**Q** 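Starting off with a structure, shown below.
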Amino acid sequence: MSPSATPGSAYPVDRIREDFPILREEVRGHRIAYLDNAASSQKPLSVLDAVEDVYHHGYANIHRGVHVLAERATAHYERSRRRMAAFIGSGSADEVIFVRGTTEGLNLAASCLGRHVLREGDEVLLTEMEHHSNIVPWQMVAGPVGARVLAAPVTDAGELDLDAFAALLSDRTRIVSVVHISNALGTVNPVRKIVRMAKERGAYVVVDGAQAAPHHPIRVRELGCDFYALSGHKMYGPSGIGVLWGRRELLEAIPPWQGGGEMIERVRFDRTTYAPPPAKFEAGTPNIAGPVGLAAAADYLEGVGLEAVAAHERTVREYAEERLGDVPGLRILGAADEKAAVVSFVLEDAHPHDLGTVLDHAGVAVRTGHHCAQPLMDRFQVPATVRASFGLYNTTAEVDRLVAGIEAALEIFRP
Ligand code: PLP
């Protein structure tokens, strides 16, 4: 059972931490302080149990079998699809395609939508803060047809420059693809506004929701976008499973993704017809237990309450920004008005990788590097940052350990 955070009562972080056995691990003689949630989050017992239960009681290949285990596995798989449809505010489970994660979801959207609409001279408009998985797939589909990929700039505060974005939108813009929450800066983009602006130009809109799913309620229908991608492993679910949501009419219109079993209606050597969505986009044997774990993660998150999670993470992040702001020579990148659970920073006297290694010796796990956002690093003229990213189980005491670790590192690195 997940502990619920009832409005008005204190956020039950201690009880939540008990649900995550890995948080009791000792690393190099210290209790782990896991501040790398934007890369991947840890899993509660309910998710571990749900996955194990599939293999103990209900595992077989899905859809094709007539025996009991196949029926059980199919029922669990399809129930998980309905659960995820509700989690993201989709009207229909048929709009939920199970994919490996956000990367696969964005590749599917780029390939299928791109082949459907992009022609020579067309433009795909992105932003400077995109993850590589929302850049490279568009380049791969645009290049061969002579379409261009453009990026709207980011301000010094790490926000999307909406005036520049508006100026780049034109009748040539066929697709806009934007990140909902930046993994490198924490910036929350005004997706609803972006969708409205893009739709006025008749463009399709794809949203990378990898970092949004663990922190904010997602209502895809209200956002008005055409596709929305997320990863299970970032929202306390298993790795190797995610969701690409697509508008039904569009899923029917675009070509399929991979060819193979399950995605067909009838195969002949002269002509094949395809199954309706979502099967049309799920060729082959899928990850069978993954969706069940993902649905359990959605239950867990909603059990705690996404509003309560967001409020708690805001407290932890603002505390981190305040404490880190006092460290001499430390510069935080990204000061957006709307920000999620990420603090990215550089230190004058230490390379991010060296700092990350010293912190690891203190049991504090952070990420260092370009965070798969090299164009954004170029924008801020840094090769890499240190990123502390928070989840629903993190505490201000762990932030204190981060700061103490940085101060100890400065003793070593400062000339
Ligand atoms: N988009 C963003 C904003 C991300 O943070 C990530 C992962 O870090 C991805 C896309 C890719 O997600 P995945 O590796 O789960 O496919």
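Each ligand, and each atom within it, is numbered from 1 in the order the structure gives. If you're wondering where the values come from, they're calculated on a predicted model, not measured in any experiment.
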**Q** Under 4.0 Å between a Lys/Arg side-chain N and an Asp/Glu carboxylate O for E282 and R81?
**A**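 Yes, E282 and R81 are salt-bridged.
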
**Q** Considering only the protein, which heavy-atom contact is closest to atom 4 (C) of ligand 1, and what is its distance?
**A**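 For this ligand atom, the closest protein heavy atom is H131 CD2, 3.3 Å.
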
**Q** Decide yes or no on side-chain contact (heavy atoms from CB on, under 4.5 Å) for R83 and E302, but give the supporting numbers first.
**A** CA-CA 11 Å; R83 180 69 188 87; E302 287 188 349; 2.7 Å; yes

**Q** Report yes if some N/O of K234 lies less than 3.5 Å from some N/O of ligand 1; otherwise report no.
**A**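 Yes; the residue has a nitrogen or oxygen that sits under 3.5 Å from a nitrogen or oxygen of the ligand.
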
**Q** Donor-acceptor check, side chain of S389 to backbone of A38, threshold 3.5 angstrom: yes or no?
**A**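 Yes, because the side chain of S389 sits within donor-acceptor range (under 3.5 Å) of the backbone of A38.
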
**Q** Taking the basic N atoms (NZ, or NE/NH1/NH2) and the acidic carboxylate oxygens, is any pair closer than 4.0 Å for R64 and E262?
**A**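 Judged by the 4.0 Å cut-off on N to carboxylate O distance, R64 and E262 do form a salt bridge.
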
**Q** As an exercise, identify every atom of ligand 1 less than 4.0 angstrom from a heavy atom of T103.
**A**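 So the atoms of ligand 1 that pass are 11 (C), 12 (O), 13 (P), 14 (O), 16 (O).
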
**Q** Does R367 pair with D36 as a salt bridge, N-O distance under 4.0 Å?
**A**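 Counted as a salt bridge, because a side-chain N and a carboxylate O are separated by less than 4.0 Å.
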
**Q** Could you tell me, atom by atom, which parts of ligand 1 come under 4.0 Å of a heavy atom of S133?
**A**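 Those of ligand 1 that fall under 4.0 Å from S133 are 1 (N), 9 (C), 10 (C), 11 (C).
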
**Q** S231 heavy atoms, cut-off 4.0 Å: which ligand 1 atoms fall inside?
**A**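 Near S231, the atoms of ligand 1 are 12 (O), 13 (P), 15 (O), 16 (O).
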
**Q** For the residue pair Y11 and H312, categorise the inter-ring angle as parallel (less than 30°), tilted (30 to 60°) or perpendicular (more than 60°).
**A**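 Parallel: the ring planes of Y11 and H312 meet at under 30°.
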
**Q** Looking at E18 and R15, does any basic side-chain N land under 4.0 Å from a carboxylate oxygen?
**A**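 Judged by the 4.0 Å cut-off on N to carboxylate O distance, E18 and R15 do not form a salt bridge.
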
**Q** Taking only non-hydrogen atoms of R100, do any sit less than 4.0 angstrom from ligand 1?
**A**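 So R100 does not count as touching ligand 1.
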
**Q** For ligand 1, which atoms sit closer than 4.0 Å to a heavy atom of Q211?
**A**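 Counting from 1, the qualifying ligand atoms are 3 (C), 4 (C), 5 (O).
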
**Q** Touching ligand 1 at all, H233? Heavy atoms, strictly under 4.0 Å?
**A**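 Contact present.
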
**Q** For D208, which part has a heavy atom under 4.0 Å from ligand 1: side chain, backbone, both, or neither?
**A**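 Answer for D208: side chain.
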
**Q** Please state which part of V179 comes within less than 4.0 Å of ligand 1, counting heavy atoms only: side chain, backbone, both or neither.
**A**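 Contact part for V179 vs ligand 1: side chain (C-beta onward).
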
